[in-house]
A.B. asks: 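Take this structure first; my questions come after.
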Amino acid sequence: MSPAPDPSLFDKVVNLCKRRGFVFPSAEIYGGFRSTYDYGPVGVLLLRNVKEAWWRSMVQLRHDVVGLDAAILSPPAIWEASGHLQNFTDPLVDCRNCRERFRLDKLDDSDECPNCHAKGSFTEARQFNLMFKTYAGPVEGAGNEVYLRPETAQGMFVNFKNVLETSRKRPPFGIAQIGKSFRNEITPGNFVFRTREFEQMEMEYFVSPDEAGQWYEYWCDERLQWYVDLGIPADQLRLRAHGENELSHYSVATSDVEFLFPWGWDELEGVANRTDYDLSQHAKMSGESLDFFDPASGERFIPYVIEPAAGATRTAMAFLMAAYDEEEVAREGQGQGETRTVLRFHHRIAPYKVAVLPLSKKPELQEPANVVLGLLQPHFMCDYDETQAIGRRYRRQDELGTPYCVTIDFETLDDRAVTVRDRDSMAQDRVPIDALLDHLAPKLS
Ligand code: ATP
């Protein structure tokens, strides 16, 4: 049986994000700006680790996937060919009573306004295009329109031929990209779950049409497992196949990897069989041939595409939610109990791997602390903190999810050893400085 969602988790994580420097509301000194967020000193590390873990699994550890970093600004032709100008819309309704706007397909009750609870107050649904349009160059007007990409995927399709010709890859092979996408969402919200500017991690896997079904199954399984391997409990994840009426205009089969958010199951990633829709459309619109000739079999075909499309920012939020834990513990060094908040991140996801903590600011401890920092920094992202009582500093690192704290105390001056504290068990080991790297490396690699 799957666990129940915990609505109280949402505020706890959002507060911790602000308090510890994970995520700040954007333009906060001006009162904030419409569901946009900035990633602070720890949040930027978390986000980088999410993206790095994805890249490692999707590109580095495979021989059949190459990377790409395509432009964000793109001409209308791309979005006309892809169908986004026509189809990338959400149904928008206005409440005539309170004037709030909603996305019809996300309403629990399509007849009752969730804001003012008026019944039957919605206008007819209008299809609202989610793409941000702007102008290239000094003149605003027809002929100068450009779009901010609403997905990274089209970069892979329009570069299909370039990559095929330069990378020596042939189907089945993939092109992966991580980058910002923009959607003028009608109802952004739930913190960084749905924002107008966000980061995606997408991979287009080009296959022969008759193998598309099996590759679709393969990528559904692979992608679900990725989250489990990085520490999200399996019972907080599920795969959900889309019904016929849910499919995007380019898809014949889609499954979402869903996570149990505090408000219930919701999408982390979509895995879609996009068929040959995109390549065929771009071939038609551009006049370039985008098919593949297999000299071995003599076959010529337009590859089908299996696409795992994940959100980096949304995934970072899921890692935060899954890692959050509170437990009653004896105060370290004292008898009384207290609640300890700890982010039990997988070490690959944790922003800092090690915190170096000299017991006091005294200069004689700074020398060995700097030696330790110099030893560890080339290998791991480290935090350094020399103020406050050590118990409070441990709590701070627990809230950042730092797997190990290394404490330098006055005994270090005699024995050239340090105390290594484990985040999860709070167990402490005395380790010689000379052996520290060998002690930590296997646990963090
Ligand atoms: P939704 O149904 O939630 O609007 P979608 O099915 O349109 O999302 P996709 O087009 O499949 O989303 O995008 C792939 C991934 O990109 C999503 O699974 C999600 O992780 C991320 N993503 C999409 N839109 C947003 C957004 N507005 N804010 C943050 N992440 C997003």
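Everything numeric here is computed off the predicted structure, so don't read it as measured data.
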A.B. asks: So F88 and H84, would you call those rings parallel, tilted or perpendicular, with 30° and 60° as cut-offs?
C.D. replies: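 Ring orientation of F88 relative to H84: tilted.
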A.B. asks: Do we see a donor-acceptor contact under 3.5 Å between the side chains of E386 and Y384?
C.D. replies: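 Their side chains do contain a donor-acceptor pair, which is all the 3.5 Å distance test asks for.
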A.B. asks: Without hydrogens or angle criteria, can the side chains of H282 and Q154 be said to hold a donor-acceptor pair below 3.5 Å?
C.D. replies: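 Yes, Q154 and H282 have a side-chain donor paired with an acceptor closer than 3.5 Å.
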A.B. asks: Under a 4.0 Å N-O cut-off, is there an ion pair linking D383 with R396?
C.D. replies: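 Yes, D383 and R396 are salt-bridged.
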A.B. asks: Using distance alone, with no hydrogens and no angle criterion, decide if Q428 and T419 have a side-chain donor and acceptor under 3.5 Å apart.
C.D. replies: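 Q428 vs T419: no donor-acceptor pair found between side chains.
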A.B. asks: Would you say the side chains of T254 and E246 form a donor-acceptor pair under 3.5 Å?
C.D. replies: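 Result is no, nothing qualifies.
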A.B. asks: Before accepting this row, confirm whether a basic side-chain N of the pair D424/R344 lies closer than 4.0 Å to the acidic partner's carboxylate O.
C.D. replies: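 A salt bridge links D424 with R344.
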A.B. asks: With no hydrogens and no angle check, do the side chains of N87 and Y250 hold a donor and an acceptor under 3.5 Å apart?
C.D. replies: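 No, because no side-chain N or O of N87 sits under 3.5 Å from a partner of the opposite role on Y250.
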A.B. asks: Between R34 and E197, does any NZ, NE, NH1 or NH2 come within less than 4.0 Å of an OD or OE carboxylate oxygen?
C.D. replies: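 No, no charged N to carboxylate O under 4.0 Å.
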A.B. asks: Hey, are the side chains of Y404 and F380 touching, using non-hydrogen atoms and a 4.5 Å cut-off?
C.D. replies: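 No; the side chains remain at least 4.5 Å from each other.
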A.B. asks: Check whether Y394 forms a cation-pi arrangement with R421 (NZ or CZ under 6.0 Å from the six-membered ring centre, at most 45° off the ring normal).
C.D. replies: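 Because its charged atom sits under 6.0 Å from the ring centre and within 45° of the axis, R421 does stack over Y394.
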A.B. asks: Anything under 30° is parallel, anything over 60° is perpendicular, the rest tilted; go ahead and classify F345 against F22.
C.D. replies: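 Tilted.
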A.B. asks: For a salt bridge (charged side-chain N to carboxylate O under 4.0 Å, His left out) check, start with the C-alpha distance between K18 and E28, then their side-chain angles and the critical distance, and finish with the verdict.
C.D. replies: CA-CA 11 Å; K18 177 77 199 298; E28 200 179 11; 3.0 Å; yes
A.B. asks: When R101 is tested against each of D94, T123, N115 for side-chain contact (heavy atoms from CB on, under 4.5 Å), which residue passes?
C.D. replies: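 It is D94; the other options fail the test.
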A.B. asks: In plain terms, say whether R340 and E326 are close enough for a salt bridge, that is, a side-chain N and a carboxylate O under 4.0 Å apart.
C.D. replies: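 The answer is no: the pair does not qualify as a salt bridge.
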A.B. asks: Within a reach of under 6.0 Å around CZ of R99, are more than 12 heavy atoms found that belong to other residues, nucleotides or ligands?
C.D. replies: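 Atom CZ in R99 is not packed in, count stays at 12 or less.
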A.B. asks: For atom CZ of R392, is the number of surrounding heavy atoms from other residues, nucleotides or ligands below 6.0 Å larger than 12?
C.D. replies: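 12 or below, so no.
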A.B. asks: Quick one: do D111 and K119 make a salt bridge, cutoff under 4.0 Å?
C.D. replies: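 Between K119 and D111 there is no salt bridge, as every charged N stays at least 4.0 Å from the carboxylate O atoms.
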A.B. asks: Go through the side-chain N and O atoms of T313 and E199 and say whether any donor and acceptor fall under 3.5 Å apart.
C.D. replies: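 Their side chains do not contain a donor-acceptor pair, so the 3.5 Å distance test is not met.
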A.B. asks: Using a strict 4.0 Å threshold on nitrogen-to-oxygen distance, state whether R19 and E399 make a salt bridge.
C.D. replies: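 A salt bridge links R19 with E399.
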A.B. asks: Tell me, do H242 and D256 make a side-chain contact under 4.5 Å, heavy atoms counted?
C.D. replies: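 Yes, at least one pair of side-chain atoms sits under 4.5 Å.
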A.B. asks: When you compare the side chains of S251 and Y277, does any donor N or O come within less than 3.5 Å of an acceptor on the partner?
C.D. replies: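 No.
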A.B. asks: Is there a donor-acceptor contact under 3.5 Å linking the side chains of E269 and Y227?
C.D. replies: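 Checked: E269/Y227 side chains pair up, N/O donor to acceptor below 3.5 Å.
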A.B. asks: Are any of the side-chain heavy atoms of F132 and Y147 separated by less than 4.5 Å?
C.D. replies: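 Not in contact.
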A.B. asks: Cationic tip of R223 within the cone over W226's six-membered ring, i.e. under 6.0 Å and within 45° of the normal?
C.D. replies: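 The answer is yes; both the distance and angle limits are met.
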A.B. asks: Flag the pair V59 / V66 as yes when at least one side-chain heavy-atom distance between them is below 4.5 Å, and no otherwise.
C.D. replies: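 They are not in contact (no side-chain heavy atoms under 4.5 Å apart), so the answer is no.
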A.B. asks: Given side chains that start at C-beta, do those of E185 and D90 come closer than 4.5 Å, heavy atoms only?
C.D. replies: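 The answer is yes, as the side chains (C-beta and beyond) meet within the 4.5 Å cut-off.
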A.B. asks: Can a donor-acceptor pair be found between the side chains of E112 and H117 at a distance below 3.5 Å?
C.D. replies: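 Checked: E112/H117 side chains pair up, N/O donor to acceptor below 3.5 Å.
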A.B. asks: Any side-chain donor paired with an acceptor under 3.5 Å for S26 and D38?
C.D. replies: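 Their side chains do contain a donor-acceptor pair, which is all the 3.5 Å distance test asks for.
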A.B. asks: Please indicate whether E222 has more than 12 foreign heavy atoms, meaning atoms of other residues, nucleotides or ligands, lying under 6.0 Å from its CD.
C.D. replies: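 More than 12 heavy atoms, drawn from other residues, nucleotides or ligands, come within 6.0 Å of this atom.
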A.B. asks: With side chains defined as the heavy atoms from C-beta onward, is the minimum distance between L45 and Y352 less than 4.5 Å?
C.D. replies: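 When only atoms from C-beta onward are counted, Y352 and L45 do touch, with a gap below 4.5 Å.
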